[in-house]
There are 2 protein chains.
Amino acid sequence: MFLHIQFDSETPIYQQVKNQIIRGIALGELSLGESLPSVRQLASDIGINLHTVNKVYNQLKLEGWVVIHRKSGVMVNPDLKANKSPDYLAGLDTLLKNITAEAYLNGVSREEFIDFIQKNYDSYKIREEK
Amino acid sequence: MFLHIQFDSETPIYQQVKNQIIRGIALGELSLGESLPSVRQLASDIGINLHTVNKVYNQLKLEGWVVIHRKSGVMVNPDLKANKSPDYLAGLDTLLKNITAEAYLNGVSREEFIDFIQKNYDSYKIREEK
DNA sequence: CATTCTGTTATATATTATGTATAACAGACA
DNA sequence: TGTCTGTTATACATAATATATAACAGAATG
């Protein structure tokens, strides 16, 4: 797996795992329909508790990123749907307002900021399941 | 004051207050050198505890957003300095990678995203102290 | 000098979030 | 029958968040 967890980070472990899985899908490192490790396997790989992984998978399921079948386990949702819900957009709005304000005050120019966003977007490409 | 706190939010109160003060500076709603309410006053206005506000002011001081003088109280730092430290930039990098990945998967186009960033930046302008 | 306002510190308490530990359950599959 | 899945239950420890009450020390003002 491609996960790198910082155990001394202020960001909770489960949040780091969750973020990296979602990013993995966007980058195409995880294809749609691809199987993810079992809760026990991933927990063992990272060196964390089973329940922490289970929490991640559960949230990913609730948010539609993965589907879970008994026994077959967890896989990236083969039918990912765009979710521009009002709640999501409202949260994104607030988040970006705060981040850009701080970046502006810290001397990050609009051009720098946008260039960074563009480079990120250019690296994203959903990889279809085979 | 211009603060609007959502008490049912997952975002901690102190974090909301902190974000809104920083954003207030970027928007020019707070001028450099402007006095902020005392810890007790602001706590009373919002309807929260004195210590929660004190925590905010303390973090803002440590990060250089405000200066605090005994008795004269808290004011927006008249000599704000850009802080593009490696730590800050690394945190911003990780944060934006995660946000853009999720936005991409949720169907927010690069153009939409960038347009939003631009409009934010256009609204920022530090207001100098008089 | 006494009052009043500052931020600050100290204690204590309550609730929630995070993470771990151990165990067991039920479905699916070989 | 084992063995693998996710899932649930229970318990525990630690940290984060927020409140409550009280007191302290510096600075300004009457």
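Below, chains carry the letters A, B, ... as their sequence lines are ordered, and counting in each starts from 1.
Remark: Lys55(A) is not in phosphate contact with dT8(D), judged by side-chain N or O atoms under 4.0 Å from OP1 or OP2. Side-chain nitrogen and oxygen atoms of Tyr14(B) include at least one within less than 4.0 Å of the OP1 or OP2 phosphate oxygen of dT17(D). Taking 4.0 angstrom as the limit, Asn58(B) places none of its side-chain polar atoms (N or O) nearer than this to OP1 or OP2 of dG7(C). A sub-4.0 Å separation between OP1 or OP2 of dT18(C) and a side-chain N or O of Lys18(A) is absent. The side chain of Thr52(B) contributes no N or O atom lying less than 4.0 Å from OP1 or OP2 of dT17(D). Distances shorter than 4.0 Å separate none of the side-chain N or O atoms of Asn54(B) from OP1 or OP2 on dG7(C).
Counting heavy atoms of neighbouring residues, nucleotides and ligands inside a 6.0 Å radius, atom CD of Glu10(A) does not exceed 12 of them. For Lys125(B), the NZ atom sits in a loose shell: 12 or fewer heavy atoms of surrounding residues, nucleotides or ligands are nearer than 6.0 Å.
In this structure, Ser72(A) and Ile13(A) both approach DNA chain C, and ranking their closest nucleotides by distance from the 5' end singles out Ile13(A). Where Arg70(A) and Ile48(A) meet DNA chain C, the nucleotide closest to each residue was compared, and Ile48(A) sits on the side nearer the 5' end.
Leu96(A) and Ile117(A) fall within a single hydrophobic cluster, where Ile, Leu, Val, Met, Phe, Trp and Tyr are joined by side-chain heavy atoms under 4.5 Å apart, directly or via other members. Criterion: ILVMFWY side-chain heavy atoms under 4.5 Å apart, direct or through other members. Under it, Phe7(B) and Phe2(B) are part of a common hydrophobic cluster.
Per the geometry, CD belonging to Gln41(B) stands 10 Å off P belonging to dG7(C), to the nearest Å. Rounded to a whole Å, the CD1 atom of Ile46(B) is 10 Å from the P atom of dT19(D). Across the protein-nucleic acid pair, Leu42(A) atom CG and dG19(C) atom P stand 14 Å apart, rounded to whole Å. Look at CE on Met75(B): it is 12 Å from P on dG7(C), rounded to the nearest Å. When the C1' atom of dA28(D) is taken as reference, atom NE2 of His69(B) falls 15 Å away, rounded to whole Å. Glu10(B) has its CD atom 20 Å from the P atom of dT15(C), to the nearest Å. Atom CG in Leu50(B) sits about 13 Å away from atom P in dT9(C), given to the nearest Å. Summarising the geometry, the separation between CD1 on Ile68(B) and C1' on dA25(D) is reported as 16 Å, rounded to the nearest angstrom.
Side chain to side chain, Ser31(A) and Glu34(A) meet the donor-acceptor criterion of an N or O pair below 3.5 Å.
Counting atom types as modelled, Arg40(B) pairs no side-chain N or O with a base atom of dT21(D) as donor and acceptor under 3.5 Å. One donor-acceptor pair, N or O on each side, does fall under 3.5 Å between the base of dT21(D) and the side chain of His51(B).
For Val74(A), counting side-chain heavy atoms from C-beta on, the closest listed nucleotide (dA21(C), dG6(D), dT8(C)) is dG6(D).
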